[in-house]
Engineer: 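Right, I'll just put the structure down here and ask away after.
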Amino acid sequence: MRITMIAVGSLLLFGCNKPTPATADSAAVPGTTTSSTTAAPFDENAARAQILGADSAFQRALVAKQVDSLMVYYDPDVVSMGSGKPVKGTTDLRASYDKAVKANNRNLSFQSGGVNFSNDHSMAWDHGTFTGTSDGPNGKPVTHSGSFMNVWKNVNGRWVIVAEIGT
């Protein structure tokens with residue numbers, strides 16, 4: 001059973017608020033010669049809150065075994081790596097989660113190690129640790145713990161996971 005797939009989903013509850021100065025490019029408004037507009041500066045705290053909010057919603061959907069609700073957080077070309085062969089694309093990832101939610105996952109807990117951003121703010125990554133209990137092969141509870149890292153891409157102001165790995 002791919003319990004690490006569940007953790008890799010990055011069900012974070014807390015974030016790191018380490019500020020990094022944001023930059024913005026200025027561009028002339030097309031068709032004008034005397035005025036220019038400044039693009040709004042990137043707000044890392046707002047982006048971090050969006051990512052952590054997605055993590056929290058993801059956790060609720062996972063506990064509720066709502067696999068369709070999990071898929072909205074993924075890029076169609078996502079690569080997910082845990083134990084075993086990498087899973088590529090949301091079709092195969094959905095099938096993996098369909099199996100994972102049958103393991104009666106419970107007591108899920110995630111601790112964020114932080115959310116960081118690329119210099120151009122088009123990408124982000126978060127990482128942390130997890131613990132949880134699921135039914136083992138013989139039906140007896142098994143506790144799992146490990147670490148995870150997710151790579152997010154900003155697509156039109158919405159963050160989606162493009163790669164994930166869990167141990």
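Throughout, numbering of the chain's residues begins at 1 and tracks the sequence.
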Engineer: Could you list the residues that satisfy salt bridge (Lys or Arg N to Asp or Glu O under 4.0 Å) with D68, not counting sequence neighbours?
Structural biologist: R94
Engineer: Between I165 and V160, is there a shared hydrophobic cluster once you connect ILVMFWY residues whose side-chain heavy atoms come closer than 4.5 Å?
Structural biologist: no
Engineer: Donor-acceptor pair, E164 side chain versus V78 backbone, under 3.5 Å?
Structural biologist: no
Engineer: For a side-chain contact (heavy atoms from CB on, under 4.5 Å) check, start with the C-alpha distance between F110 and F58, then their side-chain angles and the critical distance, and finish with the verdict.
Structural biologist: CA-CA 12 Å; F110 292 82; F58 183 100; over 6 Å; no
Engineer: When you group the ILVMFWY residues by side-chain heavy-atom contacts below 4.5 Å and let the links chain together, are V72 and Y97 in the same group?
Structural biologist: yes
Engineer: Students often mix this up, so state it plainly: with edges at 30° and 60°, are the rings of F148 and F130 parallel, tilted or perpendicular?
Structural biologist: tilted
Engineer: Can you name the nearest heavy-atom pair linking S122 to W159, along with the distance?
Structural biologist: O-CZ3, 3.9 Å
Engineer: Is any side-chain heavy atom of V142 less than 4.5 Å from a side-chain heavy atom of D135?
Structural biologist: no
Engineer: Any sub-3.5 Å donor-acceptor pair from N105's side-chain atoms to A100's backbone N or O?
Structural biologist: yes
Engineer: Donor-acceptor pair, S145 side chain versus T131 backbone, under 3.5 Å?
Structural biologist: no
Engineer: Compute whether any side-chain donor of one residue and acceptor of the other, for Q111 and T129, lie under 3.5 angstrom apart.
Structural biologist: no
Engineer: Which heavy atom of L108 sits nearest a heavy atom of G132, and at what distance?
Structural biologist: CD2-CA, 4.0 Å
Engineer: Indicate the atoms forming the closest heavy-atom contact of M81 with P86, along with that distance.
Structural biologist: CG-CB, 3.9 Å
Engineer: Report the distance from atom CG of D55 to atom CD of Q50, rounding to the nearest 0.5 Å.
Structural biologist: 11.0 Å
Engineer: Looking at every non-hydrogen atom in both residues, tell me the closest pair between Y73 and W152 and how far apart they are.
Structural biologist: O-CZ3, 4.4 Å
Engineer: How far apart are the closest heavy atoms of K88 and V79, and which atoms are they?
Structural biologist: CG-CG2, 4.3 Å
Engineer: Are the side chain of T167 and the backbone N or O of S147 linked by a donor-acceptor pair below 3.5 Å?
Structural biologist: yes
Engineer: Might you point out which heavy atoms bring T90 and D75 nearest each other, and give the distance in Å?
Structural biologist: CG2-O, 3.4 Å
Engineer: Which distance, rounded to the nearest 0.5 Å, do you find between the CG of L70 and the CD1 of I161?
Structural biologist: 9.5 Å
Engineer: Does any part of the side chain of N154, heavy atoms only, come nearer than 4.5 Å to the side chain of R158, both counted from C-beta?
Structural biologist: no
Engineer: I'd like to know whether CG of N156 has more than 12 heavy-atom contacts from other residues, nucleotides or ligands below 6.0 angstrom.
Structural biologist: no
Engineer: Nearest 0.5 Å please: distance from the CD1 atom of I51 over to the CD atom of E44.
Structural biologist: 9.5 Å
Engineer: Contact between R60 and S69 at the side-chain level, heavy atoms closer than 4.5 Å - yes or no?
Structural biologist: no
Engineer: Quick one: are H144 and S134 in side-chain contact, heavy atoms under 4.5 Å?
Structural biologist: yes
Engineer: Heavy-atom distance under 4.5 Å between the side chains of D43 and R48, does that happen here?
Structural biologist: no
Engineer: Quick one: do K65 and D98 satisfy salt bridge (Lys or Arg N to Asp or Glu O under 4.0 Å)? Show the steps, please.
Structural biologist: CA-CA 8 Å; K65 300 180 180 183; D98 282 337; over 6 Å; no
Engineer: Answer yes or no: is there a side-chain heavy-atom contact under 4.5 Å between W125 and M149?
Structural biologist: yes
Engineer: Using the ring of each side chain (for Trp, its six-membered ring), is H121 parallel, tilted or perpendicular to F42, with breaks at 30° and 60°?
Structural biologist: parallel
